[in-house]
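All values below were derived from every heavy atom in this structure, side-chain atoms included, with hydrogens, water molecules and symmetry-related copies excluded.
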Amino acid sequence: MPVLYDRLLKLKEMFNSKFGSIPKFYVRAPGRVNIIGEHIDYCGYSVLPMAVEQDVLIAVEPVKTYTLQLANTNPLYPDLSTSANNIQIDKTKPLWHNYFLCGLKGIQEHFGVSNLTGMNCLVDGNIPPSSGLSSSSALVCCAGLVTLTVLGRNLSKVELAEICAKSERYIGTEGGGMDQSISFLAEEGTAKLIEFSPLRATDVKLPSGAVFVIANSCVEMNKAATSHFNIRVMECRLAAKLLAKYKSLQWDKVLRLEEVQAKLGISLEEMLLVTEDALHPEPYNPEEICRCLGISLEELRTQILSPNTQDVLIFKLYQRAKHVYSEAARVLQFKKICEEAPENMVQLLGELMNQSHMSCRDMYECSCPELDQLVDICRKFGAQGSRLTGAGWGGCTVSIVPADKLPSFLANVHKAYYHRSDGSLAPEKQSLFATKPGASERYENNT
């Protein structure tokens, strides 16, 4: 890993000039690309991501004081100095250091530690921010690993992933745990089917004759700063409750769409039919939801809606449930095709990715014009399939490209999307790269 070694040396030098000392250890957590299975982890369904080579690195030195000093190699991100034992996370401002504090606080609270030693930390990341490649979750995971190491405690990777997934909610993101799970459970050379409750990961061997290419739309979307993401989480929760009520289940205990399917004991295809019967395509308003569930508006606001969704006036329940159940089925089909490896597997996988994008665009409404344009360009120049990846509303696309078409694909997409005559896309954001699965690591300081 010569490039990583060079980065570690550089990080060590910058740490020394910043803090006047040498780091005791380094931790690394990779970003990820979700190949298929968008917006379904928080509904209880399996997803199929792989880690990417881009990562977050942190150099760490525990100190005798109880002060946490946090700095970033990127001058755009300001330093932070705070007590290590009185962590305050401001949900209203998704500042970079809050993601570090989430990971630290999650581990601290898990072990019930009230006298955490101070530390000097220097963070270096090369995952494009707000690109849908999980830079924020990689930072949360890194911080969790830093805190665990400083405490001298041990946890399994599964336990670490679960704690870091929960702790990201300190900043107001109601995610499902995919990002943290793949960051810890990734292995080189393979994608993973990540399943939840209980959390587990299964290898998925990707086709050898194809490459997955990530392209950044250059539109930034910050999950914690927008209400879109949390509204979708709530729409799925409300859809689950209405479906449960329709099928005479105990709806008030139901939180996820997967629970409805599990309680009914039917297939995803059958759940799509139930959705057709139980929900209407026209948006629901809060009053109609209350009538369906037999509750008051006050009960809806205080017992079901989250603080940041209490003022929402329309909920598209039919569309969100249709996306989730169909996308969950596509994930399982994708894995099955990878296992069976038919001759036309790249074409079949590409078709599933195309269907996924269409559902994200039309049913979940988490795309944007730039992503749709980029997907079209990728397909035009040889991708068998292309889709948005990550939360959407900006960020990246992922495309499956036959290996022999890769050089022309990269050249043509670069020219068509990034070389705009008006120069409107900043060069530093123009990322287009083929990727292979990576993994997370921890290093002692022997550089």
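- Using a cutoff of 4.0 Å between basic side-chain nitrogens and carboxylate oxygens, Arg330 and Glu327 are scored as salt-bridged.
- Side-chain atoms of Arg153 never come within 3.5 Å of backbone atoms of Phe111 as a donor-acceptor pair (strictly under, hydrogens ignored).
- Between His39 and Tyr42, the ring planes are perpendicular. Angles over 60° get that label, and only those under 30° would be called parallel.
- Asp79 has a carboxylate O that lies under 4.0 Å from a charged side-chain N of Lys18, or vice versa, which qualifies the two as a salt bridge.
- When atom types are taken as modelled, the side chain of Glu340 and the backbone of Ile337 share no donor-acceptor pair closer than 3.5 angstrom.
- Glu187 and Lys192 are joined by a salt bridge, as a carboxylate oxygen and a charged side-chain nitrogen come within less than 4.0 angstrom of each other.
- Taking 4.0 Å as the cut-off between side-chain N and carboxylate O, Glu38 and Arg387 count as a salt-bridged pair.
- Here the straight-line distance linking atom OG of Ser183 with atom CZ of Arg28 works out to 8.5 Å at 0.5 Å rounding.
- At least one donor-acceptor pair closer than 3.5 Å links the side chain of Glu259 to the backbone N or O of Arg256.
- In this structure, Lys91 fails the cation-pi test against Tyr170, since its NZ or CZ atom is not both closer than 6.0 Å to the six-membered ring centre and inside 45 degrees of the ring normal.
- Looking at every heavy atom in both residues, Ile377 comes nearest to Ala416 through CG2-CB, 3.8 Å.
- Glu269 is linked by a side chain to side chain donor-acceptor pair (under 3.5 Å) to nothing, counting only residues two or more places apart in sequence or in another chain.
- Defined by atom type and a distance below 3.5 Å, a donor-acceptor pair is present between the side-chain atoms of Asn86 and Gln88.
- Ion pairing of Arg361 with Glu365 is absent here, as no side-chain N (NZ or NE/NH1/NH2) approaches a carboxylate O to less than 4.0 Å.
- Remark: Tyr66 OH is loosely packed, at most 12 non-hydrogen atoms of other residues, nucleotides or ligands lying under 6.0 Å away.
- Among residues two or more places apart in sequence or in another chain, the side chain to side chain donor-acceptor pair (under 3.5 Å) test is passed with Tyr325 by none.
- Side-chain atoms of Ser408 come within 3.5 Å of backbone N or O of Lys405 as a donor-acceptor pair.
- The minimum heavy-atom distance linking Ser114 with Asn85 is given by the pair O-OD1, 3.0 Å.
- Salt bridge status for Arg200 with Glu195: present, with a side-chain N to carboxylate O gap under 4.0 Å.
- Here the options are Ile214, Thr389, Leu374, the test is side chain to side chain contact (heavy atoms under 4.5 Å, CB included), and the partner is Thr397; only Leu374 passes.
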Margin query: Is there a side chain to side chain donor-acceptor pair (under 3.5 Å) between Thr147 and Gln108? Walk through the geometry before answering.
Written below: CA-CA 7 Å; Thr147 312; Gln108 199 178 19; over 6 Å; no
Notebook entry, point to check: What's the verdict on side chain to side chain donor-acceptor pair (under 3.5 Å) for Thr309 and Asn230, showing C-alpha distance, side-chain angles and the deciding distance?
Noted result: CA-CA 7 Å; Thr309 58; Asn230 289 332; over 6 Å; no
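- With respect to the salt-bridge test (charged N to carboxylate O, under 4.0 angstrom), the residues Arg232 and Glu235 qualify.
- A salt bridge does not link Lys166 to Glu162: none of the charged nitrogens lies less than 4.0 Å from a carboxylate oxygen.
- When all heavy atoms of Ile58 and Cys121 are compared, the pair lying nearest together is CG2-CB, 3.9 Å.
- With Tyr418 contributing its side chain and Ser431 its backbone, the two residues share a donor-acceptor pair below 3.5 Å.
- A salt bridge is absent between Arg32 and Asp55; no separation between the charged side-chain nitrogens and carboxylate oxygens falls under 4.0 Å.
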